[in-house]
Amino acid sequence: MHLIEVERKRELHDPNPLRQRLAELGYQEAEHLTEVDTYYSRPDVDYMKTIECLRIRRRDGFAEVTYKPPSTSATHSDADVIAKRETNVNLSGPDQADAASQLLEAIGMIQLIRVEKDRTTYRHPEHENIIVSIDSVTHTGTFVETEVTAVDPDAATVHLEEVETELGIADHAVVSLPYRDLVMAATN
């Protein structure tokens with residue numbers, strides 16, 4: 001069985017109370033990095049409409065190509081919980097991201113937008129399947145993304161809601177759009 005990533009994004013006007021709550025609960029900062037994502041679409045299928053994702057991600061010493069299938073009522077719930085299987089291909093190094101971009105453009109893919117974000121990721125030493133990330137996204141603001149991985153998406157969704165409540169973020173506004181769409185709206 002494949003693990004499903006269940007995640008939800010919320011607005012975060014001030015990250016300091018959340019950072020304090022994470023520390024109180026035993027979460028530890030796992031990494032801080034800057035990611036640059038370049039998103040693509042097909043000329044015959046508008047990934048903005050199908051809510052598909054094809055991106056090249058770059059960060060310090062790392063690059064990958066990721067594909068996420070279209071969103072449907074089965075993958076995107078009414079509560080804005082997203083449960084999709086991702087396909088990730090790690091590139092041999094960050095210099096390969098340029099080659100991947102050239103390849104995608106050579107086969108007709110269309111570059112949509114670049115998204116730059118500073119991400120701080122927190123993990124709890126006893127709960128490896130939970131990731132909490134605080135993202136500061138250029139041109140759009142600050143957000144918290146809570147992610148739970150599991151085999152059963154329904155159980156993972158319940159767990160996600162429990163984690164959000166425990167963190168004190170369950171009342172923050174849910175953001176249903178991907179960063180790609182938020183940045184496109186803010187810069188157009």
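Below, all heavy atoms of this structure are taken into account, side chains as well, without hydrogens, waters or symmetry copies.
Taken together through direct or relayed side-chain contacts under 4.5 Å among Ile, Leu, Val, Met, Phe, Trp and Tyr, Met48 and Val115 form part of one hydrophobic cluster. Under the 4.5 Å side-chain heavy-atom criterion for grouping Ile, Leu, Val, Met, Phe, Trp and Tyr, Ile107 is not connected to Tyr39 through any hydrophobic cluster. Leu104 and Ile113 are members of different hydrophobic clusters when ILVMFWY side chains are connected at heavy-atom separations under 4.5 Å. Cluster membership check: Leu25 does not share its hydrophobic cluster with Ile131, using side-chain heavy-atom separations under 4.5 Å among Ile, Leu, Val, Met, Phe, Trp and Tyr. In terms of hydrophobic clustering, with Ile, Leu, Val, Met, Phe, Trp and Tyr side chains grouped at heavy-atom distances under 4.5 Å, Val175 and Met184 are assigned to a common cluster.
In this structure, CG on Leu167 lies 6.0 Å from OG1 on Thr146, to the nearest 0.5 angstrom. Between Arg123 atom CZ and Asn129 atom CG the span is 10.0 Å, to the nearest 0.5 Å. Of the inter-residue distances, the one linking Ile134 atom CD1 with Leu12 atom CG reads 6.0 Å to the nearest 0.5 angstrom.
A heavy-atom distance below 4.5 Å is not found between the side chains of Ser133 and Glu147. Using a 4.5 Å heavy-atom cutoff, the side chains of Val144 and His172 are not in contact.
No more than 12 heavy-atom neighbours from other residues, nucleotides or ligands sit within 6.0 angstrom of CG on Asp60.
Among residues two or more places apart in sequence or in another chain, the side-chain hydrogen bond (donor to acceptor under 3.5 Å, both in side chains) test is passed with Thr38 by none. Not counting sequence neighbours, Thr140 has no partner by the side-chain hydrogen bond (donor to acceptor under 3.5 Å, both in side chains) test. In this structure, the side-chain hydrogen bond (donor to acceptor under 3.5 Å, both in side chains) partners of Glu24, at least two apart in sequence or on a different chain, are Gln20, Arg21. Every residue two or more places apart in sequence or in another chain that forms a side-chain contact (heavy atoms from CB on, under 4.5 Å) with Arg42 is listed here: Asp44, Val45, Tyr47, Met109. Shown here are the side-chain hydrogen bond (donor to acceptor under 3.5 Å, both in side chains) partners of Asn90, two or more places apart in sequence or in another chain: there are none. Partners of Asp154 by side-chain contact (heavy atoms from CB on, under 4.5 Å), not counting sequence neighbours, listed by chain and number: Asp152. Residues satisfying the side-chain contact (heavy atoms from CB on, under 4.5 Å) test with Leu33, not counting sequence neighbours, are Glu31, Glu35, Arg59, Arg119.
Screening Val158, Leu160, Thr165 against Glu162 for a side-chain contact (heavy atoms from CB on, under 4.5 Å) leaves a single residue, Val158. No option in Thr138, Val183, Asp37 other than Asp37 meets the side-chain contact (heavy atoms from CB on, under 4.5 Å) test with Lys117.
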Donor-acceptor pairs under 3.5 angstrom involving side-chain atoms of residues 61-70: please list them, not counting sequence neighbours.
{"unit_1": "Thr66", "atom_1": "OG1", "unit_2": "Asn88", "atom_2": "OD1", "d": "2.6"}
{"unit_1": "Tyr67", "atom_1": "OH", "unit_2": "Glu52", "atom_2": "OE1", "d": "2.4"}
{"unit_1": "Lys68", "atom_1": "NZ", "unit_2": "Glu86", "atom_2": "OE2", "d": "3.3"}

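The ring-ring contact (aromatic ring centres under 6.0 Å, His included) pairs that include a residue from residues 116-166 are Tyr27-His124, His124-His127, Phe143-Tyr179, where partners are two or more places apart or lie in different chains. Sorted by first then second residue, the side-chain hydrogen bond (donor to acceptor under 3.5 Å, both in side chains) pairs that include residues 95-114, not counting sequence neighbours, are Tyr40-Ser101, Arg58-Asp98. For residues 164-188, the salt bridge (Lys or Arg N to Asp or Glu O under 4.0 Å) pairs, not counting sequence neighbours, are Arg8-Glu164, Arg10-Glu164.
A donor-acceptor contact shorter than 3.5 Å is absent between the side chain of Asp135 and the backbone of Val137.
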